[in-house]
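So that we are looking at the same thing, I have put the structure below in C-alpha cells.
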Amino acid sequence: MNETTYRHRYGEGRTPIQQLANGTDITFTRPPATAATWTRNDFRDLNAGSTQTSLYPAHASLEDGVYIDDAHATFFGVHPSTRGHLEAGDTPLYVAPAGTVRGFVDYRVRIPDDRQSASSSVRWSLVDDEIAAVRLKSDDDVIVRTGGTHTPTLEYQLDEAWSTTLTLEADIEVRLQKETTVSIGNRTQTTTTYSTETMTVTDEIDVEVYNLHAYAYDADYPDGDTGVAIFQSRPWQGYTLTEDGDERVRGVWRFYTARDPRWDRLTQATATGETEIHSEALPVYVHAYPSRIGPRTEPLRDGPTILDSWGRTRRSPHSTIPDTVSVEVLTQSYTPTYGLAVRTDDINLDALRVSGIVRGVDATPITSTVGTPRELRESQLTAEVVSQTTDQATIHIELRDTETGSPIDLTADDRHGSLNGESGGGYLTVADQRVRTNESGIAVVTIDQPGIYTARYHPGTWLVANPAYVSDTATVRWHPLGTLDGWVGLLIEVGWQFIPFVVVFYAGRQILQFFGPRDDSERYP
C-alpha cells in the first residue's frame with residue numbers, strides 16, 4: 001500500500017517506521033501494539049451485505065436453511081494475542097486473560113418466487129430479519145452476551161482457564177409474509193400467513209490462555225553479587241531486575257506482525273451467483289518465534305551474566321513461518337527459555353518484573369521460600385603432581401569448603417537434587433577429563449602429555465544444592481625433565497641419536513688418514 005492509498009483509507013499519514021515496515025519485515029524485542037491497533041481500525045471498514053447479499057471470507061463455515069442462506073459467524077480477531085511458533089505442528093494462539101473478540105456475522109434472505117395462475121396467485125414479502133443475539137462461549141460456558149449486530153465486539157475475561165475453545169455464536173431470525181389470493185367466479189379471497197425461521201451459526205477457535213505465573217529463586221554470592229533464577233511454564237519474554245528496567249534479561253523469543261491472509265478476499269453471494277471482491281479489512285496478529293540471537297542481557301557489556309537456561313528441546317519451527325516472511329528464526333533444534341538464571345551486582349528483588357510474549361501481560365514473580373536463605377560459599381581447589389615417570393604423571397586434586405575447610409564430595413548425588421541432568425554438586429574438569437571428588441574431597445587424574453594443566457571446579461546450580469559453591473581453578477605443570485629419570489632418559493635418548501654421527505665422524509677420520517699426504521720420514525727411509 002503506497003502512502004497516497006494509506007492516507008485516503010485512514011485519513012492520516014504513516015510514520016517513517018510504518019513506511020519502512022511496508023517494504024520489509026521488522027522484528028521486535030517486545031510484542032508490539034501494532035497488530036491490535038491495525039485490527040481495530042480495519043474492523044471499522046468491515047460492512048455486511050444487504051438483505052439479499054451475504055459477504056464472507058473463504059474459511060467461513062456457511063449454513064443454509066429454508067429462508068436463510070450463506071449464513072455465518074466468523075472470528076475476525078482476538079487481541080491482545082500472540083501466535084507462538086514453537087515447532088512444526090505446534091503453533092498455539094496465546095490470548096490475554098482479558099481481551100477483545102471481534103466477529104463478523106452475515107447472511108442473505110431467500111424469498112420464494114411469486115406464483116400466479118388464472119385463478120390464484122401467491123406473493124411473498126420480507127417482513128423482518130435480524131441478528132437477534134450474539135454470544136461468546138468458553139468451552140460450554142457463555143461468558144459474554146450482546147445484542148444483534150453484524151460486527152460484534154465482545155470484551156471477555158478468562159482468568160481461571162488454562163486452555164479453552166472460544167465459540168462465537170449468533171442467532172439469526174427471519175419472518176416472511178405469504179399472501180395467497182384465490183378467485184372463484186366473481187369472488188376473490190385473500191389469505192395471509194407468516195413463516196418464521198431461526199438459525200444459530202457458530203465459529204470456533206482453540207486458544208491458550210496466557211496466565212503468567214512466575215516463580216523466583218535468589219542467592220547471595222560471597223563477593224556481594226546476587227543470583228536470580230525465574231521459571232514460568234509458558235514461553236515468556238524475560239524479566240527486569242531494577243525498578244527503572246535498565247537491567248534486564250531476554251529469552252530466545254522475538255516478534256513480528258503479519259496479517260491474516262484469509263481475509264484478503266471476500267465472497268459476495270446473491271441468489272444469482274457469487275462474486276469475489278477485495279477486502280478492505282485485514283486483521284493483524286503478533287507472531288513469536290525463537291531467534292538465532294538467543295538469550296541476552298542488557299546492558300550488553302556490563303549487565304547481568306546469564307548462568308543457565310532451562311527448557312525442553314524442540315525442533316525448529318522454520319517450516320511454520322511463511323516464505324513471504326523474512327526473520328532470523330532458528331533452523332536447528334533449540335531450548336525455549338522456560339527458566340533463566342543470571343548473576344548481577346545491580347538488582348532490586350522487590351522490583352523484579354516478568355514480561356510475557358502477549359502484549360500487556362506481565363507479572364511479579366512469586367519468591368520461593370524453599371531452602372531460604374540460600375547459602376553460597378567460596379571453594380578452594382588445589383592441584384599438584386604427586387608421582388611421575390618419563391611416560392605419565394599423576395595429579396592429585398583436592399576441593400574444600402573455604403569457610404569450614406571441609407572436603408566437598410561431588411559423588412554424593414543423594415545429597416543434592418538435579419536439574420538438566422546434572423548433580424547438584426557439580427564436577428571438575430582437567431586435561432579434557434570430567435571427574436568428581438570422593439568423600440575426602442579428592443580426585444586423581446593421570447596425564448601422559450607434558451604441558452600446563454588447569455583444573456576447574458564447575459559447581460552445580462545453587463537452585464538444588466545447599467550449600468552451593470562458586471567456581472575455583474588450580475594450575476599444575478608437568479614435563480618429564482622435571483625428574484632425574486627424565487634427565488637420564490633424555491641423555492640416553494640424545495646419545496642414541498648421536499651414535500650415527502659419531503660413527504660417520506670416526507669413519508671419515510680413518511679415510512682421511514689413509515688417503516691423506518705422508519711426511520718425509522715415511523717417504524725416504
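Computed from a prediction, not measured in an experiment: that's the story for all the values here.
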Distance in Å, I230 CD1 paired with D218 CG, rounded so as to fall on 0.5 Å steps
9.5 Å

Quick one: are P317 and L86 in side-chain contact, heavy atoms under 4.5 Å?
no

Ignoring hydrogens and angles, state whether a donor on the side chain of T167 or T202 is under 3.5 Å from an acceptor on the partner side chain.
no

OG of S291 to CZ of F255: how many Å apart, nearest 0.5 Å?
10.5 Å

Quick one: do the H85 and T320 side chains pair a donor with an acceptor below 3.5 Å?
yes

Does a donor on one side chain sit under 3.5 Å from an acceptor on the other, for H458 and T429?
yes

Note: D223-R343 ion pair, threshold 4.0 Å (strictly below)
yes

Should we count CD of E328 as having more than 12 external heavy atoms under 6.0 Å?
yes

Within a reach of under 6.0 Å around CZ of R30, are more than 12 heavy atoms found that belong to other residues, nucleotides or ligands?
no

Please check if atom CG in D159 has more than 12 non-hydrogen atoms from other residues, nucleotides or ligands closer than 6.0 Å.
yes

Test ring pair (Phe, Tyr, Trp, His ring centres under 6.0 Å) applied to F231 and Y338, W236, W310, Y239, the passing residue
W310

Determine yes or no for a side-chain-to-main-chain donor-acceptor pair under 3.5 angstrom, with D472 supplying the side chain and E378 the backbone.
no

Under a 3.5 Å distance rule, please check whether D308 uses its side chain to pair with a backbone N or O of A341 as donor and acceptor.
no

Please find the pair of heavy atoms, one from R248 and one from Q237, that lie closest to each other, and give the distance.
NH1-NE2, 4.5 Å

Shortest non-hydrogen separation from D409 to T437 and the atoms involved
OD1-O, 3.2 Å

Does the side-chain hydrogen bond (donor to acceptor under 3.5 Å, both in side chains) test come out yes or no for D244 and T242, once each step is laid out?
CA-CA 6 Å; D244 57 15; T242 54; 2.7 Å; yes

Less than 4.5 Å apart, any side-chain heavy atom of L352 and any of L241?
yes

When the ring centroid of H79 is compared with that of Y285, is the distance short of 6.0 Å?
yes

If you count every heavy atom of other residues, nucleotides or ligands that lies below 6.0 Å from R265 atom CZ, does the total exceed 12?
yes

On a heavy-atom basis, which atom in V228 and which in W462 lie closest, and how many Å separate them?
N-CZ2, 3.7 Å

Hey, does the side chain of S279 reach the backbone of A281 with a donor-acceptor pair shorter than 3.5 angstrom?
yes

Verify, without hydrogens or angle tests, whether R83 (side chain) and T91 (backbone) share a donor-acceptor contact under 3.5 angstrom.
yes

Using side-chain heavy atoms (C-beta onward) and a distance below 4.5 Å, is V361 in contact with P80?
no

Is P304 close to V249 at the side-chain level, that is, under 4.5 Å between some pair of heavy atoms?
no

Checking D203 side chain against F75 main chain: does a donor-acceptor pair fall under 3.5 Å?
yes

Taking D350's backbone N and O only, do any of them form a donor-acceptor pair with N348's side chain (distance below 3.5 Å, no angle check)?
yes

Side-chain donor or acceptor of S379 paired with backbone N/O of V470 under 3.5 Å
yes

Donor-acceptor under 3.5 Å (Q388 side chain, A393 main chain):
no

Establish, for the pair R234 and Y94, whether the NZ or CZ atom is under 6.0 angstrom from the six-membered ring centre and no further than 45 degrees off its axis.
no

With rounding to the nearest 0.5 angstrom, report the CG to CG distance, D302 to D345.
8.5 Å

Could you tell me which non-hydrogen atom of R314 sits nearest to which non-hydrogen atom of P336, and how far apart they are?
CD-CG, 3.8 Å

Pairwise side-chain contact, L381 with L428, heavy-atom cut-off 4.5 Å (strictly under)
yes

Given side chains that start at C-beta, do those of T461 and L307 come closer than 4.5 Å, heavy atoms only?
no

Within-4.5 Å side-chain heavy-atom neighbours: T446 and Q433:
no

Hydrogens and angles aside, do T164 and S138 bring a side-chain donor and acceptor to less than 3.5 Å of each other?
yes

Can a donor-acceptor pair be found, under 3.5 Å and without considering hydrogens, that links the side chain of H396 to the backbone of V444?
no

I need the H318 NE2 to Q332 CD distance, nearest 0.5 Å.
10.5 Å

A side-chain contact here means heavy atoms from C-beta on lying under 4.5 Å apart; do T367 and L349 qualify?
no

Give me the atom names and distance for the closest heavy-atom approach of S355 to L212.
C-CD2, 4.2 Å

Given S387 and T394, is the side-chain hydrogen bond (donor to acceptor under 3.5 Å, both in side chains) satisfied, shown in steps?
CA-CA 5 Å; S387 66; T394 300; 3.3 Å; yes

Going by atom types only, do T200 and D171 share a side-chain donor-acceptor pair under 3.5 Å?
yes

Any donor-acceptor N/O pair, R145 side chain to R135 backbone, under 3.5 Å
no

Audit row: R250, T297, side-chain hydrogen bond (donor to acceptor under 3.5 Å, both in side chains) steps and yes/no
CA-CA 6 Å; R250 297 206 312 255; T297 59; over 6 Å; no

Let's go through D264 and R259 carefully: what are the C-alpha distance in whole Å and the side-chain angles of both, what is the deciding distance for salt bridge (charged side-chain N to carboxylate O under 4.0 Å, His left out) to 0.1 Å, and is it a yes or a no?
CA-CA 9 Å; D264 287 356; R259 76 186 190 282; 2.8 Å; yes

Ring geometry between F76 and W263 (parallel below 30°, tilted from 30 to 60°, perpendicular above 60°):
perpendicular

Answer yes or no: does atom CG of D432 have more than 12 heavy-atom neighbours from other residues, nucleotides or ligands under 6.0 Å?
no

Give, for atom CD1 of I442 and atom OG1 of T382, the distance between the pair rounded to the nearest 0.5 Å.
8.5 Å

Rounded distance (nearest 0.5 Å) linking atom CG of D401 with atom OG of S406:
6.0 Å

Distance-minimising heavy-atom pair for H72 and S61
CB-O, 3.7 Å

